[in-house]
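Below is one structure, written out as structure tokens; comments come after it.
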There are 2 protein chains.
Amino acid sequence: MTRHFDLELKDLKSLLLKMGGYVEKSIEQASLLVIRREPWRFREVQASEIEINLLNKEVDHLCFCLLAKQAPVAKDLRFILAVVKINVDLERMGDQAVNIGYAGVDYVRRPMINITQEMSDMTERVRLMVRDSLDALVNRDVELSRLILERDEIVDQYKARLLDYLQDLMVHDRTLVESALDLIMIARNMERLADHATNIAEEVIFLATGEDVRHKGARLKEVNGG
Amino acid sequence: MTRHFDLELKDLKSLLLKMGGYVEKSIEQASLLVIRREPWRFREVQASEIEINLLNKEVDHLCFCLLAKQAPVAKDLRFILAVVKINVDLERMGDQAVNIGYAGVDYVRRPMINITQEMSDMTERVRLMVRDSLDALVNRDVELSRLILERDEIVDQYKARLLDYLQDLMVHDRTLVESALDLIMIARNMERLADHATNIAEEVIFLATGEDVRHKGARLKEVNGG
């Protein structure tokens, strides 16, 4: 491959990191909207989503150009195909944050339920998973990717505990049904954000080692546990 | 491009249609599980998911080989990149059907809520959206793709009505809280299945016309609609 190819590959990585930055920001803003009951933050979430969507198109276009002009093979081709998929995940993560925003805007009009600590912890974990998954991609860091897979299980546990708590609230206090339902949707969206970061980590492992962890672990565990 | 390339492209399309067939089947089985309260159908859903995951790898591999060996450009390159993304959607649809299965297995152990008609209608619409989205891809049918975008809005309305009804039930009858919550999750997963079919239709429109409908319509509408 040419030196020009390496430069464009570097551009591609920068774009992904930038996109990841906006995803982190939108997760943080959506979470603060819910925790501090500040609906104006929804505009921030939407502003990040616009940037994410623009970057999504830019990444797609750069991948297309790299493939068309350079016709890479082997390792480089695999990397670009992974980026095409990861780009989809990042765009959907922007959507998820917006979904949290919508549910949050509904929630702040309703009776409050105190889940500040759990929501802050969950948000911080998910945000770090996003950052680390892209760092893992750029540095082909398999160890970090495996760590993300483990952290996904912890986020699942957070969500499960929150769901139990909120479901119990609903049964015992009908005035909290709507608030609890909003928070359940928000917790589920947070979990799905973590799932997307996990998808990225799985792509990195496949890219670096050829090991396909995409359709095993989590799913089998779920079947046995479920 | 060579004649060999055309043959491989035909293979790729067959694999996608086969994958779509399993997705349709798994949606149908997951829905019957819920409607008829037949938990044994979960095995059918899982069996389809295994096939979907195998096909997912096969499609990825074929795309890689096509790009590496044939280095297509322009139209053919765009098609293969679209397939890489659509393959992600189809794999996630298999996951969604499994999620419906899990919630369904929980639901059948709980008090029944009669939503047979709504669930059947919604399932049938979503199943057709999946089939049509892949037919649209294979035949580059822009008109059919636009129809799918419209149908997605109808599925959203189904989901919204179901959610209102179930939320109301929860407020008025605490013994139905858990059943209603399961059905809300199921309705949301159905809606997400329709979203994936919509993603496919949007890719087809982009592929055939260059028009990017991915980040407009639905989202802006949602914002204005509150």
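Scope of the values below: all heavy atoms of this structure, side chains included, with no hydrogens, waters or symmetry mates. Chain letters run A, B, ... following the sequence lines, proteins first, then strands; residues in each count from 1. Note that the structure is predicted; figures quoted are calculated from it, not measured.
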[X]: what forms a side-chain hydrogen bond (donor to acceptor under 3.5 Å, both in side chains) with it, not counting sequence neighbours?
X: Asp195(A); answer: none
X: Asp173(A); answer: Thr175(A)
X: Gln167(A); answer: Glu178(B)

Can you tell which of [options] has the highest number of heavy-atom pairs within less than 4.5 Å of chain B?
options: Met170(A), Arg78(A), Lys69(A); answer: Arg78(A)
options: His172(A), Arg92(A), Arg174(A); answer: Arg92(A)
options: Leu163(A), Asn87(A), Ile50(A), Val84(A); answer: Val84(A)
options: Val88(A), Leu176(A), Leu67(A); answer: Leu67(A)

Ser133(B) side chain vs Met129(B) backbone, donor-acceptor pair below 3.5 Å: yes
Using the six-membered ring of Tyr158(B), assess whether NZ or CZ of Arg161(B) lies under 6.0 Å from its centre and within 45 degrees of the ring axis. yes
Charged N to carboxylate O below 4.0 Å: is that the case for Lys85(A) and Glu203(A)?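 Salt bridge: yes.
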Pair Arg41(A) + Glu44(A): basic N to acidic O under 4.0 Å: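 Not counted as a salt bridge, because no side-chain N and carboxylate O are separated by less than 4.0 Å.
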When only heavy atoms count and the cut-off is under 4.5 Å, which of residues 182-191 of chain B reach chain A?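 Answer by number: Ile184(B), Met185(B), Arg188(B).
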Given that the side chain runs from C-beta out, which part of Asn199(A) has a heavy atom under 4.5 Å from chain B: side chain, backbone, both or neither? side chain
Identify which one of Leu55(A), Asp89(A), Val130(A) satisfies the side chain to side chain contact (heavy atoms under 4.5 Å, CB included) criterion when paired with Val23(A). Val130(A)
Checking heavy atoms, do the side chain of Asp60(B), its backbone, both or neither come under 4.5 Å from chain A? side chain
How many angstroms lie between CD1 in Ile100(B) and CD1 in Ile27(B), if you round to the nearest 0.5 Å?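 Here the rounded value is 7.0 Å.
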